[in-house]
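Written below as structure tokens is the structure these notes are about.
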Amino acid sequence: MRASFGSLSIRHAMTAPFADFDLHETWKLTSDEINALRNKSGATRLGFAVLLKFFQAVGRFPCDAQEVPRHAVEDLARQVGVPPAAWYRYDLRRRAVAYHRAEIRAALGFREATVADGEELGAWLLEHVEYAPGDGQLARVTAAAYERCRALRLEPPTPERLERLVRSVMRTQDERFAVATAAQLTAETRALLDALILEVPFLRSGPGSATLESIQAEVKKLESLRALHIPEALFRGVSGSVLRAHRQCVAVQESFELRRHPEVIRMTQMAAFCHLRSREVTDTLVELLLESIHKIGTKAERKVTRELIADLKRVNGKEGLLFRVAEASLAKPEGAVKDVVFPVVSEQTLRDLVREAKASGRAFRVKVQIIKRNSYRSHYRRMVPLVLRALEFRSNNEIHQPVIKALGLLRKYLDSKDQFYSSEEDVPVEGVVRKALRDTVCETDVESRSRIRRIDYEMCVLGALREKLRCKEIWVVGADRYRNPDEDLPQDFDQKREDYYAKLKVPRAAKTFTDQLRREMAEELGALEHDIPTNRYVEILGKKGGWIKLSPLPAQAEPKNLDALKGEIMRRWSITTLLDILKETDMRVGFTDVFRSATARENMNRDVLQPRLLLSLFGLGTNAGLKRVCAGQDAATYKDLLYVRRRFITTAHMREVIRRVANAIFDVRQTTIWGEGTTACASDSKKFGAYDQNLMTEYHARYRGAGIMIYWHVEKKAVCVYGQLKTCSSSETASMIQGVLRHCTTMQIDKNYVDTHGQSEVAFAFCRLLGFQLLPRIKAIHRQRLYRAESGRADAYPNLQLVLTRPINWEMIEQQYDEMIKYTTALREGTADAESILRRFTRANVQHPTYSALAELGRAHRTVFLCRYLRLEALRREIEEGLNVVENWNSANGFIFYGKGGDFASNDQDDQECSMLCLHLLQICLVYINTLMIQQVLAAPAWMQRMEPEDMRGLTPLIYSHVTPYGSFRLDMSTRLMIDGSEATPAPTWPSAPAAYAG
């Protein structure tokens, strides 16, 4: 029997992600296993089969019936010929089940773990499991314990016993790490760290807006942190999760609480906090510098523009005026201007022409430069010594060394009051000063010697520095986001090149890759060429050198029964409060179990913590605030909720909670209503107003006004799998890739719908290499061009000639293929965030060879997409429907995030991100409960029979006509406010309606 049951498959332990398994292979019973069930029937037959296959898959027995995926139970029930409901009648606490477990253990060659086995397991975990405290470490160590038990062919201890063992291992790991870290700190550094505890609130505060005062404050923070002299190698090789966990412990505690810890713990936490804050403050200082440089130019341009608009009168019909002046001048070439020209064109008109020419020509640029110079000299120049003394700039590229040398020259002259640089100085000009500004920067003295004005040169150096920092050609020592760009790439790429190619599922040979894409391009161009003559919606016109005309798709039939379905939901669950929806979701999913204190100890009873967590999440997610939601609550005060917010609610916890609820929605969905699992999602951003004394808030050119953006990824049935904060000017392409790669739900995304702003040539290239389709709705479709796959006959594809352009440079792609794979691997492995990596590939850095190759690859892949987009009506409709889903999600944001006018009322980025994630949680809980409500209504055959294809197509769980986001309102006419002795005045007795009108 032991051999007949087969071997144990290697699977994830503890909470195994069964959705990643091959369902058929994981739960398929072999003929020998079916024979072993011959003497069993009913619930016993199905229960034994479930225990057997679960143990084979996971390495342990299930703790309860709900732990086994429903689809697994249904599949096994079908194989053994027993109804699936019988599994839930199989009592796991019965004595007979203990016999079944012993039989399965014996068949698979396993035995029960003893006390000695537990001690050996703990010792093994200490030696072999990586130390990485923080969110997810308990699950990681537990998974390693299950894997080890499986390797030793042991049935793991009970979950309670194993948790005690794992937590003991984690405590020992913490102590070892703390002792090793504290031992490397000198006595002087320890004393400084202790003294710095009182300054923790100042050190963790935000920078404010880009002003000289903010720069001065950040420089002061950086000086305090660097004065500690923490060894550079102290945390070398330590994962970021370790440092972030210790940093969070410091961030949530008051000074007196920090002092209570043992010295080694206190020193380790403070050292980790200061190490990370030093990198963060360095990044912040760079951001302030970039924003200040940008502000100098924009303020000057606005000022000059306002002055010119007040004085400017645009002159229309310039060609006609020129013709009349030329005709009159040729008729009387010897006459005076006032006699010949003024009668034809008035003197005032000519003055207006002169003003317009000055406003649009070199005079405008000169005036802007003068105002910039005055602003910089009188105010912003004071930031240069602060920044140059605090930051060290470097570059790995020889082309940009002139900027580095120029910064050295500025540093050398910090204490000088000379207006010009010495004639003996080697002042870099090429690559630093733009040609249009060289006349302003350089002047000739009385002896015909060229001299360089320091103020104007400094402005040019800062402008060049900003440009190179933004594309990471220049980096900053000690920074994180602006660190050495080589550190963004996987350091073991050369050693694991074959593994990384295999993970991306791309050919190892560059020629094989380009040949595949070349054939695909040729096929799609040929298909579009054949389709154009008969396509009702697409025309290639000759205007403006080639114009693609795309007609709108016809409207689809309107759903007939969705309003009735919403009415039935309103009748059954009338005016459901959003807080009740959040509570019900927690009762079913248990997401509040995720929230654990950031500190080492947690003493609050979970029954007390749960309602406080729900109230805090509701207050943050609706933007009503913690003070408002605790009004009328006897169990929690504002101070209680504030404590819970600081200690328990972190961004990592919130993302894990959202992941659980999203996966719960995927699990409860009925395929007869929602269809098979989708692999497509749509992404788009939405602007929210926000306080402006921070670096996240920016002015949005399209939506007007200052604010921040939230970028959502929403699958086709309204489940948002990822949300992220971004600035108004940051790349939507980077946000799109970040969400696809980091959503962490069980959903596998292979298609992503975006609008025009979410796509670019580089985005097409990376999506091709990452293995998912980028499907944009391109606004300016008429301007698009198709690239040729081959450089052969120019007359190929006659129907497309007007919109065809040059052939793709395949040689360039092949030369940079390995580098492109390296950057793609960095995105996939998360060695740096997508924004940091894609910052290198912008139009400001066109000289980068990998950027040129990525752009060329993107052009090829976009040509393939455009051919399909123009040819396939179904693809265009699919993209439109997907984007409608994310736009519906955006519209629901305002319904839920109603407090404070829908603006983010905080300048702290962590608070902003936490509010965003709470909004995400409330909205996805609404989708979860609505999914259950809709399924309950449609469970009635009469309702399901009414649903037509149009109704099923338009069915969405993101509805809220039956929901009130505010809660319930209670009016008590027997009470009064305690104002001017009114508490002693009895409430009036309201007369009946007839008496009220009597007399």
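Atoms considered below: every heavy atom in the structure, side chains included; atoms not considered: hydrogens, waters and symmetry mates.
Between N893 and W712, the closest side-chain pair of non-hydrogen atoms falls below 4.5 Å. The closest side-chain heavy-atom distance from I896 to P965 is not below 4.5 Å. Using a 4.5 Å cut-off on side-chain heavy atoms (C-beta onward), H128 and R148 make no contact. Contact check for K717 versus T956: no side-chain heavy atoms found under the 4.5 Å cut-off. A 4.5 Å side-chain heavy-atom check between M947 and L562 finds at least one atom pair inside the cut-off. Y928 has its side chain out of reach of E584: every pair of non-hydrogen atoms, C-beta onward, lies at least 4.5 Å apart. L121 places none of its side-chain heavy atoms less than 4.5 Å from the side chain of D117. By the 4.5 Å heavy-atom criterion applied to side chains, W573 and I929 are not counted as neighbours.
Taking 4.0 Å as the cut-off between side-chain N and carboxylate O, R78 and D75 count as a salt-bridged pair. Using a 4.0 Å cut-off between charged nitrogen and carboxylate oxygen, R164 and E160 do not count as a salt-bridge pair. At a threshold of 4.0 Å, the pair R877-E880 does not count as salt-bridged, since none of the basic side-chain nitrogens sits closer than that to a carboxylate oxygen. Classification of E112 and R105 as a salt-bridged pair holds, one side-chain N sitting under 4.0 Å from a carboxylate O. Note on R596 versus E656: no salt bridge recorded, every NZ/NE/NH1/NH2 to OD/OE distance being 4.0 Å or above. Salt-bridge check for R953 with E881: failed, with every basic side-chain N at 4.0 Å or more from each acidic carboxylate O.
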Kindly indicate, with the supporting measurements, whether the criterion side chain to side chain donor-acceptor pair (under 3.5 Å) is fulfilled by Y500 and E829.
CA-CA 9 Å; Y500 287 136; E829 298 297 318; 5.1 Å; no
Stepwise, does the side-chain contact (heavy atoms from CB on, under 4.5 Å) test hold for K583 with D580?
CA-CA 5 Å; K583 179 193 68 177; D580 283 336; 3.7 Å; yes
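Between Y960 and F895, the ring planes lie parallel to each other; the angle is under 30°, not in the 30° to 60° tilted range. Aromatic ring orientation, F595 versus F591: perpendicular (interplanar angle above 60°, classes split at 30° and 60°).
Qualifying ring-ring contact (aromatic ring centres under 6.0 Å, His included) partners for Y711, counting only residues two or more places apart in sequence or in other chains: H713.
Atom CZ of residue R612 and atom CZ of residue F648 lie 9.5 Å apart, to the nearest 0.5 angstrom. The line from CG of L609 to CD of E602 is 6.5 Å long, rounded to the nearest 0.5 Å. Between atom OG1 of residue T931 and atom CG of residue L958 there is a gap of 9.5 Å, rounded to the nearest 0.5 Å. Atom NZ of K751 sits about 14.0 Å away from atom SG of C767, to the nearest 0.5 Å. In this structure, OG1 on T745 lies 5.5 Å from CG on N663, to the nearest 0.5 angstrom. Going from atom OG1 of T585 over to atom CZ of R660 covers 14.0 Å, rounded to the nearest 0.5 Å.
Judged as a salt bridge (charged side-chain N to carboxylate O under 4.0 Å, His left out), the pairs with a partner in residues 667-681 (not counting sequence neighbours) are, in order, R669-E715.
For the residue pair W674 and Q935, a side-chain donor N or O sits within less than 3.5 Å of a side-chain acceptor on the partner. Side-chain atoms of E33 and Q56 form a donor-acceptor pair, as typed in the model, at a separation below 3.5 Å.
Of the listed residues (E568, K566, M570), just one forms a side chain to side chain contact (heavy atoms under 4.5 Å, CB included) with H962, and that residue is M570.
Both tests do not hold together for R742 against Y722: distance to the six-membered ring centre under 6.0 Å, angle to the ring axis within 45°.
The backbone N or O of D951 sits nowhere less than 3.5 Å from a side-chain atom of K560 that would complete a donor-acceptor pair.
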